[in-house]
Amino acid sequence: MKIIIYGNNMSAMGAAGVLARTGNTVYLPISSHDLDSRRISVTEPGLRGLLQSQFDSGRLRSYDPQHPPTEADIHWLNLESNAYDKAASIVADVASRHEGRLLFINQSIFGIGSTSRLNAVLGNDEQRTVVYIPDSLRGGRALESFIHPDQLVIGSDSQWAISRITAMARVLMGTNQRIRIMSSQEAEFATLALNGMLAMRLSYINELANLADNMGIDIETVRDTIAGDARIGKHFLNPGCGFGGEKFSDHLLLFSDFLKEKRRSSLLRTVIDINERQKETLFRKLWRHFQGNLKGCKVAIWGASYKPGTADIHNAPSLATIDACMAQGVEVRVHDPLALQNLAEYYRNAENLVLCSTPEQAADGADALLLVTEWPEYGMRDFDRIVSNMRRPLLLDGRNVYDPGEMQDYGFHYHGIGRKAV
């Protein structure tokens, strides 16, 4: 098939790479040169190599965004959440130059009802239609999650489009795929509601952890008890120093505004506010430990990306911690397996920021070590050496990765998120 993809974000590039690899001719508004010159940020492990190999094969081809091709089997919309007008313009332009059947797949989330509005541009024709399919890509495992999503949601009332997409899904994903078919508005609602539910679980466990901190209770015993109830389960119940990610945050804000408009509900706005405060929790612990006197301090930060497995730092908790430390004149020494280049671009010319090639280099001479992102690389280090080379061995564990007793045996002064001191 010939597929034209509109957009150059991670989801658009991930879809382009996988669709080209499975034999389709795919057009993308970036070139191989853009990848080589790094004019396009690729934060997902393995994605740059996949795209390059598909450009080399000829199955993936670039086009000028000002002059996209018009003839295609599928037009794939993967734009940012604030780009509805651009999407409507693309749909109208393609429709004006294309006769007969026309299929758009919309993986952009512009709000509930937006795909129906795009279909209105096409005259609500059953065989000239826009289908909403939620973006299932997850940072750190984008390619795997595209091919093997938990479920494939198809939002459409067009039987012709549904049949065509399910046939394509069987080729891409196999016959065991769980497919859920509903209206586009129901699919958009479900997508935003799902993200809201995940955010509420995360913020709730963080609120409990903060309360446990004040009461001298270990949140891990509380969390294990909650997770042990089959009605609740263990997923997204790990306390920490906040969540991030561009798309996840955008979806929460979009749904929060929708709930406020339709129901006058501030529930999700409260969840978002809790998370923003949670991003400051490690700095508050640092501030209290040094009684507000951080002059001349060096702080090591392990992990800058918003989650392990990606170089993406959009809305990452590390940014709030780095900003607060640098505002106090603290020298911030950061290590991350993938995100240092993005961090360097974000903090261009920052005087108090040192990017380190190893975790040990970041910790050398530091007054405190802050674990912000739970990369597996940080799980088992030579902590005897790290403690001996730190100026003051304070460890603030923002993800409750370490056992408090074990870290204290190494010589650390340990604080987690809601962890009870030994």
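Note that the structure is a prediction, hence the values are computed from the model and not measured. Numbering of residues begins at 1 and proceeds along the displayed sequence.
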Note to self: Between Ser108 (side chain only) and Phe110 (backbone N and O only), is there a donor and an acceptor less than 3.5 Å apart?
What the structure shows: no
Check: What's the spacing between Arg231 CZ and Ile226 CD1 if we round to 0.5 Å?
Finding: 11.5 Å
Notebook entry, point to check: Nearest 0.5 Å, what's the CZ-SG distance between Arg399 and Cys241?
Noted result: 4.0 Å
Next item on the list: Indicate whether any N or O donor in one side chain lies under 3.5 Å from an N or O acceptor in the other, for Glu246 and Asn315.
Entry: no
Notebook entry, point to check: Centres of the Tyr306 and Phe243 rings: under 6.0 Å?
Noted result: no
Notebook entry, point to check: Using a distance-only test with no angle check, is there a side-chain donor-acceptor pair under 3.5 angstrom linking Glu188 and Thr115?
Noted result: yes
Next item on the list: Report the C-alpha distance between Arg269 and Asp273 in whole Å, list the side-chain angles of each, state the deciding distance to 0.1 Å, and finish with yes or no for salt bridge (Lys or Arg N to Asp or Glu O under 4.0 Å).
Entry: CA-CA 6 Å; Arg269 182 71 254 181; Asp273 291 342; 3.2 Å; yes
Item checked: Between CD1 on residue Ile112 and NZ on residue Lys262, distance to nearest 0.5 Å -> 9.0 Å
Check: Parallel under 30°, tilted from 30 to 60°, perpendicular over 60°: which one fits the rings of Tyr63 and Tyr27?
Finding: tilted
Notebook entry, point to check: If we ignore angles and hydrogens, is there a donor and acceptor under 3.5 Å between the side chains of Asn119 and Thr129?
Noted result: yes
Notebook entry, point to check: Are Leu294 and Trp287 close enough, and set up right, to give a side-chain contact (heavy atoms from CB on, under 4.5 Å), and what steps lead you there?
Noted result: CA-CA 7 Å; Leu294 297 174; Trp287 179 269; 3.8 Å; yes
Check: Counting only heavy atoms not in Gln291, do more than 12 sit closer than 6.0 Å to its CD atom?
Finding: no
Margin query: Can a donor-acceptor pair be found, under 3.5 Å and without considering hydrogens, that links the side chain of Tyr6 to the backbone of Leu28?
Written below: no
Next item on the list: For residues Leu338 and Ser305, determine if any side-chain heavy atom of one lies less than 4.5 Å from a side-chain heavy atom of the other.
Entry: no
Notebook entry, point to check: Are the side chain of Asn9 and the backbone N or O of Asn78 linked by a donor-acceptor pair below 3.5 Å?
Noted result: yes
Next item on the list: Taking the six-membered ring for Trp and the full ring for Phe, Tyr or His, determine whether the centres of Tyr378 and Tyr402 are under 6.0 Å apart.
Entry: no
Item checked: Leu19 backbone acceptor or donor facing Asn24 side chain under 3.5 Å -> yes
Margin query: In the structure I gave you, are the side-chain heavy atoms of Val94 and Phe104 within less than 4.5 Å of one another anywhere?
Written below: yes
Note to self: Can a donor-acceptor pair be found, under 3.5 Å and without considering hydrogens, that links the side chain of Arg333 to the backbone of Ala300?
What the structure shows: no
Next item on the list: Determine, step by step, whether Thr25 and Arg59 satisfy the side-chain contact (heavy atoms from CB on, under 4.5 Å) criterion, reporting the C-alpha distance in whole Å, the side-chain angles of both residues, the deciding distance to 0.1 Å, and the verdict.
Entry: CA-CA 5 Å; Thr25 300; Arg59 288 187 295 272; 5.6 Å; no
Item checked: Ser156 side chain reached by Tyr132 side chain, heavy atoms, under 4.5 Å -> no
Notebook entry, point to check: Are any non-hydrogen side-chain atoms of Phe412 and Val387 less than 4.5 angstrom apart?
Noted result: yes
Margin query: If we ignore hydrogens and angles and just use 3.5 Å, is the side chain of Ser256 paired with the main-chain N or O of Leu253 as donor and acceptor?
Written below: no
Item checked: Backbone of Ser89 reached by a side-chain donor or acceptor of Asp93 within 3.5 Å -> no
Margin query: Side chains of Thr270 and Ile274, heavy atoms from C-beta outward: is any pair under 4.5 Å?
Written below: yes
Check: For residues Asn352 and Glu331, is any side-chain donor paired with an opposing acceptor at under 3.5 Å?
Finding: no
Item checked: Any side-chain heavy-atom pair of Gln278 and Glu280 under 4.5 Å -> no
Notebook entry, point to check: Going by atom types alone, do Ser31 and Asp34 pair a side-chain donor with an acceptor below 3.5 Å?
Noted result: yes
Note to self: Whether the Asp135 and Ser11 side chains hold a donor-acceptor pair (N or O, under 3.5 Å, no angle test) is what I'd like checked.
What the structure shows: yes
Next item on the list: State whether Glu360 and Arg385 are salt-bridged, where the test is any N-O pair (Lys NZ or Arg NE/NH1/NH2 against Asp/Glu carboxylate O) under 4.0 Å.
Entry: no
Check: Is it true that a side-chain atom of Thr281 and a backbone atom of Arg277 form a donor plus acceptor pair closer than 3.5 Å?
Finding: no
Notebook entry, point to check: Just wondering, are more than 12 heavy atoms of other shown residues or ligands nearer than 6.0 Å to CZ in Phe189?
Noted result: no
Check: Between Ser53 and Leu50, what is the shortest heavy-atom contact and its length?
Finding: OG-O, 2.7 Å
Check: Between Gln52 and Ser32, is any side-chain donor less than 3.5 angstrom from a side-chain acceptor?
Finding: yes
Next item on the list: Please round to the nearest 0.5 Å and tell me the distance separating atom NE2 of His33 and atom OG of Ser62.
Entry: 11.0 Å
Item checked: Check against side-chain contact (heavy atoms from CB on, under 4.5 Å), Met326 and Ile322 -> CA-CA 6 Å; Met326 291 200 301; Ile322 293 170; 3.7 Å; yes
Next item on the list: Identify the heavy atoms of Lys234 and Ala227 that sit nearest to each other, and give their distance.
Entry: CA-CB, 3.6 Å
Check: Using 30° and 60° as the class limits, which term best fits the ring planes of His289 and His413: parallel, tilted or perpendicular?
Finding: tilted
Notebook entry, point to check: If every non-hydrogen atom of Asp367 is compared with every non-hydrogen atom of Cys297, which pair is closest and at what distance?
Noted result: OD2-CA, 3.3 Å
Check: Distance from Ile301 atom CD1 to Leu371 atom CG, nearest 0.5 Å?
Finding: 10.5 Å
Note to self: We want to know whether Asn238 and Glu374 form a side-chain donor-acceptor pair, criterion being a heavy-atom distance below 3.5 angstrom.
What the structure shows: no
Checklist line | Arg263, CZ: over 12 other non-hydrogen atoms inside 6.0 angstrom | finding: no
Next item on the list: List the steps, then state whether side-chain contact (heavy atoms from CB on, under 4.5 Å) holds for Val330 with Lys295.
Entry: CA-CA 7 Å; Val330 173; Lys295 184 177 181 180; over 6 Å; no
Check: Any idea how Phe255 and Phe258 line up, ring-wise: parallel (<30°), tilted (30 to 60°), or perpendicular (>60°)?
Finding: parallel
Item checked: Salt bridge present between Asp213 and Lys285 (N-O < 4.0 angstrom) -> yes
Notebook entry, point to check: Any donor and acceptor pair, going by atom type alone, linking the side chain of Ser203 with main-chain N or O of Met200 inside 3.5 Å?
Noted result: no
Checklist line | Shortest non-hydrogen contact from Leu103 toward Ala161 | finding: CD1-CB, 3.8 Å
Check: Shortest non-hydrogen contact from Ile232 to Leu237?
Finding: CG2-CD1, 3.9 Å
Notebook entry, point to check: At what distance, to the nearest 0.5 angstrom, does CG of Leu122 lie from CZ of Arg117?
Noted result: 14.0 Å
Notebook entry, point to check: Within a radius of less than 6.0 Å around OH of Tyr204, do more than 12 heavy atoms belonging to other residues, nucleotides or ligands occur?
Noted result: no
Note to self: Looking at Asn195 and Leu252, would you say the former's side chain and the latter's main chain have a donor-acceptor pair under 3.5 Å?
What the structure shows: no
Note to self: Taking the six-membered ring of Phe55 as reference, does the cationic atom of Arg61 (NZ for Lys, CZ for Arg) lie under 6.0 Å from its centre and within 45° of its axis?
What the structure shows: no
Checklist line | Ile133 to Gln107 - nearest heavy-atom pair and separation | finding: O-CG, 3.1 Å
Notebook entry, point to check: Do Glu220 and Arg223 meet the salt-bridge criterion of a basic N to acidic O distance under 4.0 Å?
Noted result: yes
Next item on the list: Classify the side-chain pair Tyr414/Asp397 by whether it contains a donor and acceptor separated by less than 3.5 Å.
Entry: yes
